[in-house]
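Structure, as structure tokens:
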Amino acid sequence: MRTSQYILATLKETPSDAEVVSHQLMLRAGMIRKLASGLYTWLPSGLKVLRNVETIVREEMEKAGAIEMLMPVIQPADLWEESGRWEQFGPELLRITDRHNRPFALGPTHEEVITDFVRKEVSSYKQLPLTLYQVQTKVRDEVRPRFGVMRAREFTMKDAYSFHLDDACLEKTYQVMHQAYCNIFERLGLDYRPVIADTGSIGGSVSHEFHVLAESGEDAIAFSTESDYAANIEKAEALAPATERAEPSKELNTFDTPNAKTIAELAEQHGVKARKGVKTLIVYGAENEDGERGLVALIVRGDHELNELKAEKLPLVDSPLEMAKEEDIVAAIGAKPGSLGPVGLDIPVIVDHSAAVMSDFVAGANKDGVHYSGINWGRDVAEFTTADIRNVVEGDPSPCGQGTLQIKRGIEVGHIFQLGSKYSEAMNAGVLGESGKNQVMTMGCYGIGVSRIVAAAIEQNHDKFGIKWPQALAPFDIAIVPMNMHKSHRIPDIAEKFYADLKAAGLEVLFDDRKERPGVMFNDMELVGVPFTLVIGERNLDNNQVELKNRRTGEKVMLDIDSAVAEITKLMA
RNA sequence: CGGCGAUUAGCGCAGCUUGGUAGCGCACUUGGUUUGGGUCCAAGGGGUCGCAGGUUCAAAUCCUGCAUCGCCGACCA
């Protein structure tokens with residue numbers, strides 16, 4: 001490709017609405033342009049990278065025995081009603097109607113469509129197990145699209161679905177796919193981790209996410225220092241402390257705290273250490289028979305955070321979790337948030353394990369501007385239950401029993417699920433078993449965020465000059481940068497010859513034939529992240545040499561013109 | 001969905017307080033100059049100042065409403 005004929009579209013300045021480095025570099029390197037919030041056009045070089053990811057994904061899927069197909073983006077509402085997700089999915093499901101006023105959804109995922117397909121086409125256990133996949137555009141009406149293609153409203157996803165007669169078979173395929181995912185991320189050259197995950201709106205039992213480690217990641221993941229254990233923080237279990245609760249040593253006393261509404265203010269103004277106080281969070285309880293919701297108090301140690309997911313799974317708590325409105329709290333308790341505590345509450349009290357072993361601690365007195373000190377469970381609060389409702393923190397013992405937990409940030413690029421019969425049962429998808437009786441299939445599903453991988457890869461591979469593509473992802477293998485081509489009689493011929501020869505050797509070559517100064521060309525090639533740059537200049541021509549620069553290492557080597565193509569080809573193999 | 005902010009040329013921004021015919025840098029076009037790391041000079045093209053309404057002799061500028069985009073939050077009491 002000649003830059004003069006290409007739409008390189010590099011930018012000197014960073015568009016002001018790009019926050020994270022991958023988004024900035026994708027814009028500056030001419031890979032994407034925004035059409036509207038969360039909607040992006042892929043430019044030629046960006047598309048090449050996207051296709052490179054797709055190719056690796058396809059190859060590994062095929063190796064794992066999956067078969068490619070393609071399903072529609074537009075899906076009839078009936079299928080979603082059948083699975084129950086027309087209601088459950090919420091506003092993220094973008095809904096449209098056709099000219100006959102029939103409701104449709106733009107597919108955020110394809111469990112319904114594939115299950116419908118398989119129940120119609122597969123009728124015998126002999127056809128199982130079966131794994132089908134597609135690489136396709138997904139639509140999710142995100143509350144807040146951000147970070148460029150990292151969280152877009154329209155994106156490319158590889159989704160695979162497996163069908164089995166029983167869970168043992170599903171488990172086997174799940175492991176095969178797990179391995180295939182590892183292979184994919186290895187080949188992409190990414191620093192990644194598989195972690196135990198929640199199943200969210202997709203459903204099912206067992207689930208793993210694959211995270212690319214990056215500071216800008218939206219998820220926190222917890223690892224054991226001693227074992228392979230790794231889990232999304234929303235799923236990582238906080239073990240109950242092994243220590244017993246100490247006996248009360250202080251009397252219950254009130255003290256005035258007119259300006260202390262947060263743990264931080266309490267610490268600052270009254271010298272109460274965060275770990276000597278508790279936070280009392282009031283949420284709505286599960287609906288009773290009359291459809292009414294009471295309030296529930298959730299209590300965690302002052303330096304801990306509530307884990308929403310753990311809390312909403314408790315039977316007493318409404319799901320999804322919703323914090324109580326201030327007016328409801330005042331009506332029921334008589335005090336505003338900031339002065340709440342467990343003493344004298346007549347709503348259910350659920351205490352985190354770590355808070356339940358505290359003694360002589362501080363909390364609000366359920367009277368505005370007043371706190372208690374010297375609170376003790378049992379003596380001062382008779383009725384409460386305990387549960388794991390907090391996020392793990394760095395240094396907590398690992399749930400696997402080995403080592404302590406460490407926390408890092410990650411970008412979720414893959415997610416695999418053992419769905420079980422959630423969809424097949426709701427949609428009555430069965431086959432005839434060996435006995436001749438109908439048997440509901442059990443399913444797995446496996447997703448990879450293809451477009452998100454492109455951004456995640458940049459997060460891990462860049463410097464102040466631009467992108468440093470791993471070879472497998474790079475839009476071009478090598479760039480030819482001739483110095484002052486239009487001034488020299490020798491350089492154009494040599495550059496053209498290299499262009500032809502390197503292309504003939506099977507490489508993707510970007511030939512910078514613009515009438516630009518060397519600095520401009522170098523900067524653009526570094527911004528775009530081309531792994532190798534072949535510099536052709538008068539200076540080295542007298543020695544019959546050209547210079548090859550490695551973008552990742554910065555290393556420069558001189559090559560003899562005659563053997564250069566052979567050496568470069570060897571290097572790329 | 002709540003709070004904050006922005007919206008002026010393709011990109012980055014100034015002008016608005018104090019109303020008086022729209023500017024800078026980059027990019028683009030043309031000519032010259034320079035040439036191994038974003039040269040320099042000159043001449044050009046490009047804008048219904050987000051949209052709608054209002055105030056005024058006169059609105060990018062003041063007022064009202066709306067839209068779009070972004071950030072933070074949507075549990076940490």
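Reminder, nothing fancy here: chain letters follow the sequence lines and each chain counts from 1. All values reported here derive from a predicted model rather than from experimental measurement.
Proximity of the aromatic rings of A:Phe476 and A:Trp469 is defined here by a centroid distance below 6.0 angstrom, and this criterion is not met. Here the two rings, on A:Tyr40 and A:His23, have centers that are under 6.0 Å apart.
With B:A77, B:C11, B:U35 as the candidates, the nucleotide lying closest to the side chain of A:Lys487 is B:U35. Taking only side-chain atoms of A:Glu19, from C-beta outward, the nucleotide of B:C1, B:C71, B:G37 with the closest atom is B:C71. Here B:C75 is the nucleotide among B:G36, B:C75, B:G25 with the atom lying nearest to any side-chain atom of A:Leu306. Considering only side-chain atoms of A:Asp524, the nucleotide from B:C76, B:C26, B:G38 that sits closest is B:G38. Comparing B:C69, B:A74, B:G25 by their nearest atom to the side chain of A:Arg153 picks out B:C69. Picking from B:C71, B:G37, B:U39 the nucleotide with the shortest atom distance to the side chain of A:Arg144 gives B:C71. Of the candidate nucleotides B:G36, B:G38, B:A77, B:A77 has the atom nearest to the side chain of A:Pro337. The side chain of A:Lys34 sits closest to B:C69 out of B:C69, B:C26, B:G36. The side chain of A:Met483 lies closest to B:G36 when the candidates are B:C11, B:G36, B:G70.
Rounded to the nearest Å, the gap between the C1' atom of B:C16 and that of B:G23 is 14 Å. The separation of B:A60 from B:C49, taken at their C1' atoms, amounts to 5 Å, rounded to a whole angstrom. Remark: the separation of the C1' atoms in B:A58 and B:A22 is 16 Å, to the nearest Å. If you take atom C1' in B:U61 and the same atom in B:U7, they sit 15 Å apart, rounded to whole Å. Distance noted for atom P between B:G19 and B:C57: 15 Å (whole Å).
Listed by chain and residue number, A:Asn484 satisfy the side chain to side chain contact (heavy atoms under 4.5 Å, CB included) test with A:Lys487 (two or more places apart in sequence, or in another chain). The side chain to side chain donor-acceptor pair (under 3.5 Å) check on A:Tyr6 picks up nothing, with sequence neighbours excluded.
A:Val535 comes within 4.0 angstrom of a nucleotide base, judged by non-hydrogen atoms across all strands. Heavy atoms of A:Asn307 sit nowhere under 4.0 angstrom from any nucleic acid atom. At the heavy-atom level, A:Ser37 lies under 4.0 Å from the strands shown only through sugar-phosphate atoms. Residue contacts shown for A:Ile282 include a base, since a base heavy atom lies under 4.0 Å away.
With a cut-off of 3.5 Å on both pairing distances, the Watson-Crick or G-U wobble partner of B:C26 is B:G10. With a 3.5 Å ceiling on both atom-pair distances, the Watson-Crick or G-U wobble partner of B:C71 is B:G3. Pair check for B:C76 finds none; no Watson-Crick or G-U wobble contact set falls under 3.5 Å. Checking B:G46 for Watson-Crick or G-U wobble geometry (two distances, each under 3.5 Å) identifies no partner in any strand. The pairing partner recorded for B:U64 is B:A52, the criterion being a Watson-Crick or G-U wobble arrangement whose two distances lie under 3.5 angstrom. For B:G20, the paired nucleotide is B:C57, the pair qualifying as Watson-Crick or G-U wobble because both relevant distances are below 3.5 Å. Nucleotide B:G37 is matched to nothing when pairs are restricted to Watson-Crick or G-U wobble geometry with both distances under 3.5 angstrom.
Between A:Thr14 and B:G12 there is no side-chain N or O to OP1 or OP2 distance below 4.0 Å. Distances shorter than 4.0 Å separate some side-chain N or O of A:Arg517 from OP1 or OP2 on B:U39. Distances shorter than 4.0 Å separate none of the side-chain N or O atoms of A:Ser16 from OP1 or OP2 on B:C11. OP1 or OP2 of B:A27 sits under 4.0 Å from a side-chain N or O of A:Lys12.
Side-chain atoms of A:Glu516 and base atoms of B:G38 include no donor and acceptor less than 3.5 Å apart. A donor and an acceptor atom never sit less than 3.5 Å apart when one is taken from the side chain of A:Asn484 and the other from the base of B:G36. Judged by distance alone, with hydrogens and angles left aside, A:Glu538 brings no side-chain donor or acceptor close enough to the base of B:G36 to form a pair under 3.5 Å.
For A:Gln460 (side chain) and A:Leu213 (main-chain N/O), a donor-acceptor pair under 3.5 Å exists by modelled atom type.
Taking the six-membered ring where the residue is Trp, A:Phe89 and A:Trp80 present perpendicular rings, their angle passing 60° and hence far from 30°. Aromatic ring orientation, A:His270 versus A:Phe255: perpendicular (interplanar angle above 60°, classes split at 30° and 60°).
Taking the nucleotide of RNA chain B with the nearest heavy atom to each of A:His486 and A:Lys336, the more 5' of the two is matched to A:His486. Mapping A:Leu281 and A:Lys549 onto RNA chain B by nearest heavy atom places A:Lys549 at the nucleotide closer to the 5' end.
Inspection of the A:Asn544 and A:Asp560 side chains reveals no N or O donor paired with an N or O acceptor under 3.5 Å.
A:Asp318 has its CG atom 15 Å from the C1' atom of B:C75, to the nearest Å.
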